[in-house]
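One structure is given below, encoded as structure tokens.
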Amino acid sequence: MNERTLNLIFRLTVFALLFTGFAQMPIFARYYLADVPGFAWTADYYLNHVLHYGLAAVLLVFLGWRLPLAMKRRWTPGRLLLALCWAGVVLTGLVRVMKNQPDVFFSPTFVMAVDWAHLGFVMLLGAVSLGRAVTSRKNTA
């Protein structure tokens, strides 16, 4: 596969992760998106949960493949911030996976903090990515 195809698959994976992540919150049923023909599956928590886990595995493969390539590049503050956001998303996501195991118990306060941190890192990652895209377009124009 060429670089453009891999980039497209990566971006679609991230979009699908965002979609299934938000679908695990009851917002699609609450705001009637699940009532749109063809979108009833968005209200199914367990389906979205399994899809999110599968997509997260695909994302980890992409990030693991890109990590050695990224280590060879010069680290700018923007790249470092982006890497820290990805690390925060992955680490909090792994803790969320651990929390769902039957033999693992975390306090409700810790679980809520990890949930909010995961959402916060995702939003920060989106903001940083958007900022990098805007500044790179300004520099090329």
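Both backbone and side-chain heavy atoms feed into the values below; hydrogens, waters and symmetry mates do not.
Within the 3.5 Å criterion, the main-chain N or O of Ala40 finds no donor-acceptor partner in the side chain of Asp44. A side-chain donor-acceptor contact under 3.5 Å links His52 to the backbone of Leu17. In this structure, Ser129 contributes its side chain and Gly126 its backbone to no donor-acceptor pair below 3.5 Å.
Of all the heavy atoms in Met98 and Val104, the pair that sits closest is O-CB, 3.4 Å. Taking all atoms of both residues into account, the shortest heavy-atom contact from Arg73 to Arg79 is CB-NH1, 3.7 Å. Residues Leu6 and Trp65 come closest through the heavy atom pair CD1-CH2, 3.4 Å. For Val97 against Gln101, the heavy-atom pair with the smallest separation is O-NE2, 3.4 Å. Closest heavy-atom contact between Asn48 and Thr42: ND2-O, 3.2 Å. Minimum heavy-atom separation, Ala34 to Ala29: CB-CA, 4.3 Å.
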Exercise for review: Using the side chain to side chain contact (heavy atoms under 4.5 Å, CB included) rule, take Leu67 and Met71 through it: C-alpha gap first, then chi angles, then the decisive distance, then the call.
Suggested key: CA-CA 6 Å; Leu67 184 63; Met71 296 302 279; 4.2 Å; yes
Point to revise | Test log, rule side chain to side chain contact (heavy atoms under 4.5 Å, CB included), inputs Phe28 and Val36 | key: CA-CA 10 Å; Phe28 291 123; Val36 174; over 6 Å; no
Exercise for review: I would like to know whether Tyr46 and Val50 meet side chain to side chain contact (heavy atoms under 4.5 Å, CB included); could you show each step before the answer?
Suggested key: CA-CA 6 Å; Tyr46 293 105; Val50 170; 5.6 Å; no
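Val95 places none of its side-chain heavy atoms less than 4.5 Å from the side chain of Leu91. Side-chain contact between His49 and Thr20 is absent, with no heavy-atom pair separated by less than 4.5 Å. Two residues are said to be in side-chain contact when any heavy atoms from C-beta on lie closer than 4.5 Å; Leu59 and Leu55 fail this criterion. In this structure, Val90 and Phe121 have side chains that are not in contact, with every pair of non-hydrogen atoms separated by 4.5 Å or more. Leu119 places a side-chain heavy atom less than 4.5 Å from the side chain of Phe22. Side-chain atoms of Val114 and Lys99, non-hydrogen and from C-beta on, never get closer than 4.5 Å to each other.
Classified by interplanar angle (parallel below 30°, tilted 30° to 60°, perpendicular above 60°), the ring pair Phe62/Phe10 is perpendicular.
Once rounded to the nearest 0.5 Å, the distance linking CG of Leu84 with CG of Leu125 reads 11.0 Å. From Met112, atom CE reaches atom CZ of Phe106 across 15.5 Å, with rounding to the nearest 0.5 Å. Going from atom CG of Leu60 over to atom OG1 of Thr13 covers 11.0 Å, rounded to the nearest 0.5 Å. Going from atom OG1 of Thr76 over to atom CG of Leu81 covers 9.5 Å, rounded to the nearest 0.5 Å. Here the straight-line distance linking atom CG of Leu51 with atom CD of Gln24 works out to 9.0 Å at 0.5 Å rounding.
Both Val58 and Leu94 are members of a single hydrophobic cluster when ILVMFWY side chains are connected at heavy-atom separations under 4.5 Å. Trp116 and Phe110 fall into different hydrophobic clusters, where Ile, Leu, Val, Met, Phe, Trp and Tyr are joined by side-chain heavy atoms under 4.5 Å apart, directly or via other members. Follow the hydrophobic side-chain contacts under 4.5 Å out from Met25 and you reach Val89 in the same cluster. The hydrophobic cluster containing Leu12 does not contain Leu130, counting ILVMFWY residues as joined when their side-chain heavy atoms lie under 4.5 angstrom apart, directly or transitively. Met123 is connected to Ile27 through a chain of hydrophobic side-chain contacts under 4.5 Å among Ile, Leu, Val, Met, Phe, Trp and Tyr, so both are in one cluster.
The aromatic ring centres of Trp41 and Phe19 sit less than 6.0 Å apart.
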